[in-house]
Trainee: 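First the structure, which I've put down as structure tokens, then a few questions once you've had a look.
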Amino acid sequence: LYSLKKAKLIICATPATKNLISNKFIKKTKIINQISMELPKKINFQNTKNNRNKNILFVGKLIDLKGMVIGLDAFSLAVEKDPKLFLTIVGSGVKEKQWKRIAKKKEINKKIKWIPWVTQNELKKIYKQHSILIFPSLHDSGGQVILEAISHGLKVIALDIGGPGFLLNNDVAKIVPVENSCYSAVIEEIANGILNFSNLENS
């Protein structure tokens with residue numbers, strides 16, 4: 001409290017953090033997201049090549065907070081309606097074995113490719129082979145991967161939590177609301193987003 005009182009400027013990464021600041025300090029509080037990246041000269045939005053439309057991507061640490069249990073449930077739901085869908089998971093982490101068990105139990109393990117951490121140059125090549133990034137993170141103030149994905153023409157599906165909900169809009173993404181919602185509704189919304197984006201015609 002003393003630090004907030006003495007501060008000339010209070011910087012928050014997201015509106016959620018700003019909402020925690022007392023009203024008496026709100027006038028000197030600003031939202032500045034910490035993400036920075038080098039943008040390409042031109043962004044070619046997805047669906048210029050139909051052969052990547054069915055390819056879904058997740059990039060991140062394989063930990064609980066990244067929310068890919070939700071992602072796997074949603075992908076499984078989408079695959080029931082479109083068996084041509086394919087998911088690539090790029091990253092490493094303590095939940096890898098658990099997520100693979102979930103995929104096997106849901107009988108979607110043959111629809112998923114698992115890739116450990118790669119270099120940035122290799123990741124750029126992977127982006128170009130996919131059309132949709134799913135980012136069901138439960139706790140991210142930013143999420144640089146979502147901006148990288150958009151810069152490579154991917155559509156993004158993310159939860160309306162933290163940084164992604166603040167950074168994205170429905171022109172380049174599907175933002176899934178979680179407040180006053182339930183688990184089944186959230187995974188259905190993500191699945192519908194996958195199906196809708198993967199069926200877009202060539203632009």
Side-chain angles (χ1 to χ4, degrees), residues 12-14 16-17 20 33-37 55-80 85-152 154-168 173-179 181-191 193-194:
C12 301
T14 68
T17 306
L20 298 175
N33 197 279
Q34 75 272 28
I35 294 180
S36 63
M37 62 173 288
N55 294 340
I56 320 304
L57 180 65
F58 168 83
V59 179
K61 293 181 180 179
L62 309 190
I63 58 176
D64 281 331
L65 287 176
K66 292 300 181 180
M68 266 306 285
V69 171
I70 297 171
L72 290 171
D73 282 345
F75 178 70
S76 176
L77 198 60
V79 167
E80 289 179 12
L85 293 170
F86 191 85
L87 172 64
T88 301
I89 295 179
V90 179
S92 302
V94 295
K95 290 298 174 177
E96 181 175 345
K97 289 183 179 179
Q98 179 188 341
W99 293 0
K100 285 182 176 179
R101 284 196 299 267
I102 291 171
K104 188 174 183 179
K105 184 177 180 180
K106 291 183 172 294
E107 299 182 346
I108 56 173
N109 49 308
K110 293 182 180 179
K111 307 289 295 182
I112 302 175
K113 182 177 182 180
W114 303 80
I115 301 176
W117 285 119
V118 296
T119 66
Q120 194 64 28
N121 284 336
E122 290 172 322
L123 184 57
K124 288 178 181 178
K125 294 177 183 177
I126 292 173
Y127 282 133
K128 293 177 181 179
Q129 297 167 356
H130 295 78
S131 70
I132 301 165
L133 177 84
I134 54 173
F135 193 78
S137 176
L138 304 173
H139 184 78
D140 258 289
S141 61
Q144 182 166 325
V145 64
I146 61 178
L147 298 185
E148 289 178 350
I150 290 170
S151 76
H152 286 87
L154 282 73
K155 293 285 190 177
V156 175
I157 302 172
L159 304 182
D160 188 14
I161 299 175
F166 171 61
L167 288 172
L168 299 173
K174 178 178 177 64
I175 312 301
V176 178
V178 297
E179 190 173 352
S181 189
C182 63
Y183 188 85
S184 60
V186 168
I187 65 171
E188 187 171 349
E189 280 288 305
I190 296 173
I194 291 172

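In what follows, every heavy atom counts, from backbone to side chain, and hydrogens, waters and symmetry copies are set aside.
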Trainee: Heavy atoms, side chains only, cut-off 4.5 Å: are K106 and D73 in contact?
Mentor: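 Yes, close enough: below the 4.5 Å cut-off.
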
Trainee: Could you tell me which non-hydrogen atom of A74 sits nearest to which non-hydrogen atom of A191, and how far apart they are?
Mentor: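 Minimum heavy-atom separation between A74 and A191: O-CB, 3.4 Å.
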
Trainee: Just do the side-chain contact (heavy atoms from CB on, under 4.5 Å) check on L133 and I150 with the steps written out, would you?
Mentor: CA-CA 9 Å; L133 177 84; I150 290 170; over 6 Å; no

Trainee: Between atom CG of L72 and atom CD1 of I134, what is the distance when rounded to the nearest 0.5 Å?
Mentor: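 Those atoms lie 7.0 Å apart.
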
Trainee: Would K155 and K174 count as a side-chain contact (heavy atoms from CB on, under 4.5 Å) if you check the C-alpha gap in whole Å, the side-chain angles of each, and the deciding distance to 0.1 Å?
Mentor: CA-CA 8 Å; K155 293 285 190 177; K174 178 178 177 64; over 6 Å; no

Trainee: Atom OG in S131, atom NE2 in H152: separation rounded to 0.5 Å?
Mentor: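 It is 14.5 Å, given to the nearest 0.5 Å.
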
Trainee: What distance do L85 atom CG and S76 atom OG have between them, rounded to the nearest 0.5 Å?
Mentor: 11.0 Å

Trainee: Can you sort out the partners of T119 under side chain to side chain donor-acceptor pair (under 3.5 Å), two or more places apart, ordered by chain and number?
Mentor: E122

Trainee: Dump the intermediate steps for side-chain contact (heavy atoms from CB on, under 4.5 Å) on D160 and E179, then the final yes or no.
Mentor: CA-CA 8 Å; D160 188 14; E179 190 173 352; over 6 Å; no

Trainee: Report yes or no: does K61 contribute a side-chain atom to a donor-acceptor pair with the main-chain N or O of K66 at less than 3.5 Å?
Mentor: no

Trainee: Give the minimum heavy-atom separation between P116 and W114, together with the two atoms involved.
Mentor: CD-O, 4.1 Å

Trainee: Considering the options M68, K111, K113, which one meets the side-chain contact (heavy atoms from CB on, under 4.5 Å) requirement together with L87?
Mentor: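 Running side-chain contact (heavy atoms from CB on, under 4.5 Å) over M68, K111, K113 with L87 returns exactly one hit, M68.
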
Trainee: Not counting sequence neighbours, which residues clear side chain to side chain donor-acceptor pair (under 3.5 Å) with Q120? List them please.
Mentor: E148

Trainee: Using 0.5 Å steps for rounding, measure from the CD1 atom of I190 to the CD1 atom of I132.
Mentor: 12.0 Å

Trainee: For I56 and H130, work out which heavy atoms get closest and say how close.
Mentor: O-CD2, 3.3 Å

Trainee: Would you check, one step at a time, whether the test side-chain contact (heavy atoms from CB on, under 4.5 Å) holds for L138 with I70?
Mentor: CA-CA 10 Å; L138 304 173; I70 297 171; 3.9 Å; yes

Trainee: Out of the candidates L159, V145, I157, only one should pair with F135 under the side-chain contact (heavy atoms from CB on, under 4.5 Å) rule; please name it.
Mentor: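 The option that passes is V145.
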
Trainee: Between W117 and G60, which heavy-atom pair has the shortest distance, and what is it?
Mentor: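 Looks like CH2-C, 3.6 Å.
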
Trainee: Hey, can you pull the donor-acceptor pairs under 3.5 Å for the side chains in residues 89-103, sequence neighbours left out?
Mentor:
| unit_1 | atom_1 | unit_2 | atom_2 | d |
| --- | --- | --- | --- | --- |
| K95 | NZ | Q98 | OE1 | 3.0 |
| E96 | OE2 | K100 | NZ | 2.9 |

Trainee: Where do I108 and F75 come nearest, in terms of heavy atoms and distance?
Mentor: CD1-CD2, 3.9 Å

